[in-house]
Amino acid sequence: MMDLSFIKPILYLMQNAEPVDVPQSFKDTFNFLQGNGVYDDVMMYFLRQMKNTVWTHYDAFIADAQALSAIFMLIFFAIKTYEMIAGDKQLEIMPLLRPFGLVMVILWWPTFTKVVAYPTDLVSLKTEVMFNESQTEVNNLRLQRAKLMVDISDQLLSIEAETETARIEADTWYEKSWESVRSSVKEGFSQVWKPIVEMSNRLKVGWQLLITSLLETLAIWLLRICVYIIFIVQIIYSTILIILGPFSVAASILPAFKDSFSTWVARFISVNLYSGIAYLVMYVASLFQHYAMEAEISRYQQLVDTTEASIEKLTVFASNGVLSFGMVIGTFVIGALTMLTVPSISTWIISTSGISSAASTMGRGSGGLSRMMGKVLSKGF
């Protein structure tokens with residue numbers, strides 16, 4: 001039987017993490033500052049529309065490819081005729097029909113590309129549905145976590161203000177100079193002094209919140225950049241393959257370039273698999289994000305408590321310098337690095353040498369970016 005013991009702590013966290021009421025004004029402000037969703041829905045919609053728009057330029061060189069294919073057909077038939085006249089080859093009908101089939105592919109190029117791309121589009125559609133379903137819950141948890149972080153910072157401000165006020169009230173000068181003052185006046189002084197102390201401590205807590213927000217912003221933008229790179233690379237590669245593909249079909253008429261058409265088909269399928277694999281990787285990454293956010297929400301809810309034990313935990317938590325447990329930031333970085341493996345995974349399914357070399361070049365550049373962002377995040381921690 002399958003061991004499901006690892007699910008117990010996840011169920012415990014989900015049972016103890018109650019939903020957090022997030023005001024609509026906070027949602028609007030948070031989405032305005034960090035984008036609507038982990039990957040920003042507006043940018044993802046733009047990438048989808050950009051792909052559809054760019055693919056409409058498939059016919060840029062079809063006329064040139066048709067003229068080239070006519071020339072290559074004449075050369076092909078001349079070679080075959082000479083071989084049969086010389087007695088090197090016998091008359092074969094099927095090889096002579098191949099150039100006509102390739103020319104038909106060029107004439108029906110938009111239909112042909114849609115047929116080839118249909119299986120990959122189907123994979124992309126199904127994995128995108130899986131991703132969208134999981135991402136809705138992740139975005140809700142992300143808003144709840146952000147609201148709890150703000151609540152904790154406000155609570156920390158209040159506690160530090162009360163502590164500072166108590167320290168000032170317990171000062172020797174305060175005790176000696178105010179012995180004859182009525183308690184109502186002392187209470188009035190405390191009420192006036194507490195907001196002043198709270199304002200002075202807000203800078204300290206504000207820096208902690210700023211550093212935390214900066215680290216999370218760097219991590220989430222590292223994830224977004226890696227995702228955007230994969231989708232933009234797919235758009236660029238697939239557009240080049242569609243626009244210049246007719247030349248590969250025309251060149252394959254000649255015996256010397258016979259494999260160019262099959263190589264183009266393999267590369268086109270491999271590139272179109274990027275989106276399906278990317279959504280699948282993002283779906284798996286969202287499961288890690290879901291768990292990390294549930295875990296941090298559960299811990300934040302314990303810190304928001306006003307009991308003495310929670311205040312002690314809050315004091316230790318605030319002394320770390322950042323108002324984050326680091327789990328969500330870690331899942332963002334892991335998801336970003338995993339996204340860079342999408343081209344390699346695609347070549348596992350459809351083996352293509354040209355795409356592999358191009359993807360490795362892109363991977364080296366992206367790897368340099370990820371190492372730089374990793375150093376920044378490590379210094380921040």
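- Counting only heavy atoms from C-beta outward, the side chains of Val249 and Trp109 approach each other to under 4.5 Å.
- Inter-residue side-chain proximity for Met282 and Gln135 is flagged as unmet; no heavy-atom pair is nearer than 4.5 Å.
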- [ ] Start with the C-alpha gap between Tyr45 and Val42, add the side-chain angles, then the distance that decides, and say whether side-chain contact (heavy atoms from CB on, under 4.5 Å) holds.
- [x] CA-CA 5 Å; Tyr45 175 78; Val42 178; 5.8 Å; no

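- Heavy atoms only, all atoms of each residue included: Thr331 and Ala292 are closest at CG2-CB, 3.8 Å.
- Here the straight-line distance linking atom CZ of Phe288 with atom OG1 of Thr338 works out to 8.0 Å at 0.5 Å rounding.
- Remark: Tyr228 OH is packed, more than 12 non-hydrogen atoms of other residues, nucleotides or ligands lying under 6.0 Å away.
- Once rounded to the nearest 0.5 Å, the distance linking CD1 of Ile232 with CZ of Phe46 reads 7.5 Å.
- Residue Thr127 holds its OG1 atom at 9.5 Å from CG of Asn132, rounded to the nearest 0.5 Å.
- Between Ile349 and Leu273, the shortest heavy-atom contact is CG2-CD1, 4.0 Å.
- Leu254 is connected to Ile71 through a chain of hydrophobic side-chain contacts under 4.5 Å among Ile, Leu, Val, Met, Phe, Trp and Tyr, so both are in one cluster.
- Ile334 and Phe332 are assigned to two separate hydrophobic clusters, defined by single-linkage of ILVMFWY side chains at heavy-atom distances under 4.5 Å.
- Residues Ile230 and Pro343 are in side-chain contact: their nearest non-hydrogen atoms beyond the backbone lie under 4.5 Å apart.
- Annotation for Phe77: atom CZ counts as buried by contact number, over 12 foreign heavy atoms lying within 6.0 Å.
- Between Phe61 atom CZ and Ile242 atom CD1 the span is 14.0 Å, to the nearest 0.5 Å.
- Not one N or O on the side chain of Gln289 forms a donor-acceptor pair closer than 3.5 Å with the backbone of Val138.
- In summary, of the residues considered (Val227, Ile225, Ile277, Ile229), a side-chain contact (heavy atoms from CB on, under 4.5 Å) with Met339 occurs for Val227 alone.
- Using a 4.5 Å cut-off on side-chain heavy atoms (C-beta onward), Glu128 and Arg48 make contact.
- Hydrophobic cluster membership is shared by Met104 and Leu102, with clusters built from Ile, Leu, Val, Met, Phe, Trp and Tyr side chains linked at under 4.5 angstrom.
- Remark: aromatic rings of Phe112 and Phe268 are distant, center separation not under 6.0 Å.
- The side-chain heavy atoms of Phe247 and Asp64, taken from C-beta on, include a pair separated by under 4.5 Å.
- In this structure, Tyr283 places its OH atom where only 12 or fewer heavy-atom neighbours from other residues, nucleotides or ligands lie under 6.0 Å away.
- No donor-acceptor pair closer than 3.5 Å links the side chain of Ser346 to the backbone N or O of Tyr274.
- At distances below 3.5 Å, not a single donor-acceptor pair connects side-chain atoms of Ser270 with backbone N or O atoms of Ala266.
- If you chain together hydrophobic residues whose side chains sit under 4.5 Å apart, Ile253 and Leu97 fall into the same group.
- No side-chain donor-acceptor contact under 3.5 Å links Ser298 to the backbone of Glu294.
- Phe131 is listed as a side-chain neighbour of Tyr39, based on a closest heavy-atom distance under 4.5 Å.
- Shown here for Cys226 and Leu340, the closest heavy-atom pair between the two residues is SG-CD2, 4.0 Å.
- Val38 and Asn139 get closest at one heavy-atom pair: N-OD1, 3.2 Å.
- Put simply, CG on Leu141 and CZ on Arg145 are 10.5 Å apart, with the number rounded to the nearest 0.5 Å.
- Closest of all the heavy-atom pairs between Ser252 and Phe261 is OG-CB, 3.5 Å.
- Across every non-hydrogen atom of Ala278 and Val342, the tightest pair is CA-CG2, 4.0 Å.
- With rounding to the nearest 0.5 Å, the separation of CD1 in Ile329 from OG1 in Thr217 is 9.0 Å.
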Task: side-chain contact (heavy atoms from CB on, under 4.5 Å) between Tyr279 and Lys126, intermediate numbers included - done: CA-CA 9 Å; Tyr279 280 121; Lys126 290 189 175 182; over 6 Å; no

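- The cluster map of Ile, Leu, Val, Met, Phe, Trp and Tyr, joined by side-chain heavy atoms under 4.5 Å apart, puts Val123 and Leu241 in different clusters.
- Side-chain atoms of Ser124 do not come within 3.5 Å of backbone N or O of Asp121 as any donor-acceptor pair.
- At least one donor-acceptor pair closer than 3.5 Å links the side chain of Thr239 to the backbone N or O of Ile235.
- Cation-pi geometry between Arg267 and Trp264 is not met: the NZ or CZ atom fails to fall both under 6.0 Å from the ring centre and inside 45° of the normal.
- Of the possible polar contacts, one joining the Glu296 side chain to the Met327 backbone as a donor-acceptor pair under 3.5 Å is found.
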